[in-house]
A.B. asks: 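I have a structure here, written as structure tokens, and I will follow up with some questions on it.
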Amino acid sequence: MDASQVTQVTDMLYALRNPAGVPTYPILFVGLGVLTFALHILFVQLMLGTSAITIFGAFKNDAKWRRLGAAMLEISKISVSVAIVIGVAPLLFVQVVYDPNWYASNVLSAVWVIAFIVILIFAYWAMYGYYFMNSKEKDKTKEPKGKAWMLISVALLLTVGFIMHSLSSQMLHPELWKDWYQQNGVLDYSGTKLHAYNLWRFAFFISMAIPVVGGMLVTYRRFKMVRADADMEYLDFAANVGKKWIAIGSVIAFVFYVAWMMTVPETAGNFATSLWGILGGVAVLLPAIWSAIRLNGSSYNMCSYMALPIALVAGLTIAIVREMLRYDILNGFFHYDFMDYKIVMDWYSTGMFFLTFAIVGGVVLSYFLTVAWKAGQTVGVYTPSAFVNRLGTLSIWIVALWVLQFFVVGFYVWAR
Ligand code: HEM
């Protein structure tokens, strides 16, 4: 591309920008976008990895694998919900500062954007269908029914992920949007095509599910081993599978990462060999390096709660690298800088956002997680302590107050 073509693209991007501006510093949106993307992709990987174990377990004629498969299904169905809920956050942030790119990419593939929801619903149903077909069965070592539903669910979940991947890829190619919209002089309003993708990049994000679920398995042993009825032979088996998956998975993901870096768009220049590109590669290997040092054999050293935080640190580093790649292309090559977005400061909504995050999210989540944690480690029925009960009551009050202020402020602004 020559300089005048680049200028044309820069002008187009600035013309598409929302003239109303943004309500706080744009860097906050990008920072939160990176953080929430890291959480989203961690739960996506947990959901896919635990589903893989469930499928392995279902097809293997082995009692321990079957038990493990049934246990991981419990985590998988919750991870789908969390992945979806946390997926909304980066969606909101990316569309605020990269609105020209995100909306152009969405409109160009509108049918897929809408299909995304429908496919996701069917994926969810298929997983729950499989779950309900087998949930009544007390003996988890028996061959489960309806195995095909689990395969269908994973295939549909991967399709959903591929749509997201394609939308993220298309936004990096503003120079091609017009060609995609108008082919051989004919305008294509259909939105039926996914125009850009990089299979290495997609495979990389998906393959990280292997070390992540490995981390989950060693955490599972750590969590369950304190119960009075712990079956240590089974838990040791789970942790050994986990260690293997962390080691092998990190290497597989590393290979895909290198392939992704070798195929980044030309507009990214020499990003692959930059400090960021190399940092991403080191992050991918982090779980394997940590596991080799920390999980080194003897009983105590077979498991650790640190496995998942380590996976999160690796994922967060990769999320930063992924964002730097986008910035390098859109700012470095096309001179579209999200940092110069017009700011129309709105302290109330900015403060409200962070307070909601810290207080509402903090207290309510602490309550839910405490109950789930304690219930998981209790044999029989769990009865919460007076403190946990108070935390529950406090959570209800905080949510009620939040809803009240929402309507009070809303009516005040409306009546002014
Ligand atoms: C449950 C199945 C899902 C899977 C397997 C999945 C997978 C992925 C993958 C692989 C990426 C990275 C794409 C890339 O950078 O190449 C991604 C990004 C993303 N996903 Fe998901 N996703 C799922 C559901 C969702 C849902 C339900 C939402 C939102 C409601 C969502 C929102 C996002 C957003 C906003 C991004 C980042 C876009 C960007 O900043 O470029 N995802 N997802």
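Since the structure is predicted, the reported quantities are computational estimates derived from the model, not experimental observations. Each ligand, and each atom within it, is numbered from 1 in the order the structure gives.
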A.B. asks: Could you tell me whether Arg221 and Asp236 make a salt bridge, using a distance below 4.0 angstrom between a side-chain N and a carboxylate O?
C.D. replies: yes
A.B. asks: Side-chain contact test, heavy atoms from C-beta onward, threshold under 4.5 Å: evaluate it for Val96 versus Asn18 and give yes or no.
C.D. replies: no
A.B. asks: What do you reckon, does Phe93 put a non-hydrogen atom under 4.0 Å from ligand 1?
C.D. replies: no
A.B. asks: List the closest protein heavy-atom neighbour of atom 18 (C) of ligand 1: residue, atom name, distance to the nearest 0.1 Å.
C.D. replies: Phe37 CE1, 3.5 Å
A.B. asks: Does any part of the side chain of Phe43, heavy atoms only, come nearer than 4.5 Å to the side chain of Val85, both counted from C-beta?
C.D. replies: no
A.B. asks: Around atom 5 (C) of ligand 1, find the nearest protein heavy atom and jot down its residue, atom name and distance.
C.D. replies: Leu157 O, 3.4 Å
A.B. asks: Provide the number and element of each atom of ligand 1 under 4.0 Å from a heavy atom of Gly161.
C.D. replies: 4 (C), 5 (C), 6 (C), 7 (C)
A.B. asks: Do the rings of Trp260 and Phe205 sit parallel, tilted or perpendicular, given the 30° and 60° boundaries?
C.D. replies: tilted
A.B. asks: With heavy atoms under 4.0 Å as the rule, classify the contact between Val88 and ligand 1 as side chain, backbone, both or neither.
C.D. replies: both
A.B. asks: Could you check atom 3 (C) of ligand 1 against the protein and tell me its nearest heavy-atom contact, residue, atom and distance included?
C.D. replies: Val160 CG1, 3.8 Å
A.B. asks: Looking only at protein heavy atoms, identify the closest one to atom 36 (C) of ligand 1 and say how far it is in Å.
C.D. replies: Met164 SD, 4.0 Å
A.B. asks: Below 4.0 Å, non-hydrogen atoms only: which portion of Ile41 touches ligand 1? Side chain, backbone, both or neither.
C.D. replies: side chain
A.B. asks: Only heavy atoms of Arg201, strictly under 4.0 Å: list the atoms of ligand 1 that pass.
C.D. replies: 14 (C), 15 (O), 16 (O)
A.B. asks: Between Ser168 and ligand 1, does any nitrogen or oxygen pair lie at a separation below 3.5 Å?
C.D. replies: yes
A.B. asks: I want to check something: taking the side chain as every heavy atom from C-beta on, are Phe237 and Leu217 in contact at a cut-off of under 4.5 Å?
C.D. replies: no
A.B. asks: For Val94, which part has a heavy atom under 4.0 Å from ligand 1: side chain, backbone, both, or neither?
C.D. replies: side chain
A.B. asks: If hydrogens are left out, which of Phe116, Tyr197, Tyr98 has an atom nearest to atom 26 (C) of ligand 1, that is, the closest non-hydrogen atom?
C.D. replies: Phe116
A.B. asks: Looking at His40, pick out the N, O or S atom nearest to atom 21 (Fe) of ligand 1 and give its name.
C.D. replies: NE2
A.B. asks: Could you tell me the residue and atom name of the protein heavy atom closest to atom 32 (C) of ligand 1, and the distance to it rounded to 0.1 Å?
C.D. replies: Gly87 O, 3.4 Å
A.B. asks: Could you check whether Phe56 and Trp65 have their ring centres less than 6.0 Å apart?
C.D. replies: yes
A.B. asks: Check whether Tyr130 forms a cation-pi arrangement with Lys147 (NZ or CZ under 6.0 Å from the six-membered ring centre, at most 45° off the ring normal).
C.D. replies: no
A.B. asks: Is any side-chain N of the basic residue among Lys224 and Asp231 closer than 4.0 Å to the acidic one's carboxylate O?
C.D. replies: no
A.B. asks: I'd like to know if the side chain of Trp200 and the backbone of Met261 have a donor-acceptor N/O pair within less than 3.5 Å.
C.D. replies: no
A.B. asks: Give me the nearest non-hydrogen protein atom to atom 39 (C) of ligand 1 as residue plus atom name, then the distance to 0.1 Å.
C.D. replies: Arg322 NH2, 3.1 Å
A.B. asks: Looking at the rings of Tyr327 and Phe338, which for Trp means the six-membered one, are their centres under 6.0 Å apart?
C.D. replies: yes
A.B. asks: Think Lys77 forms a cation-pi with Tyr131, using NZ or CZ under 6.0 Å from the six-ring centre and within 45 degrees of its axis?
C.D. replies: yes
A.B. asks: Answer yes or no for Val80: is there a heavy-atom contact with ligand 1 below 4.0 Å?
C.D. replies: no
A.B. asks: State whether a side-chain donor-acceptor pair under 3.5 Å links Asn270 with Thr273.
C.D. replies: no
A.B. asks: Report, in ascending order of atom number, the atoms of ligand 1 lying under 4.0 Å from any heavy atom of Arg326.
C.D. replies: 39 (C), 40 (O), 41 (O)
A.B. asks: So, 4.0 Å and heavy atoms of Glu323: is ligand 1 close enough to count as a contact?
C.D. replies: no
A.B. asks: Please list, in number order, the atoms of ligand 1 under 4.0 Å from a heavy atom of Leu91.
C.D. replies: 35 (C)
A.B. asks: Looking at Pro90, which atoms of ligand 1 are within less than 4.0 Å of one of its heavy atoms?
C.D. replies: 35 (C)
A.B. asks: Salt bridge or not for Arg67 and Asp62, using N-O below 4.0 Å?
C.D. replies: no
A.B. asks: Where does Leu120 meet ligand 1, judged by heavy-atom distances below 4.0 Å: at the side chain, the backbone, both, or neither?
C.D. replies: side chain
A.B. asks: Which part of His165 is near ligand 1, with near meaning a heavy atom under 4.0 Å away: side chain, backbone, both or neither?
C.D. replies: both
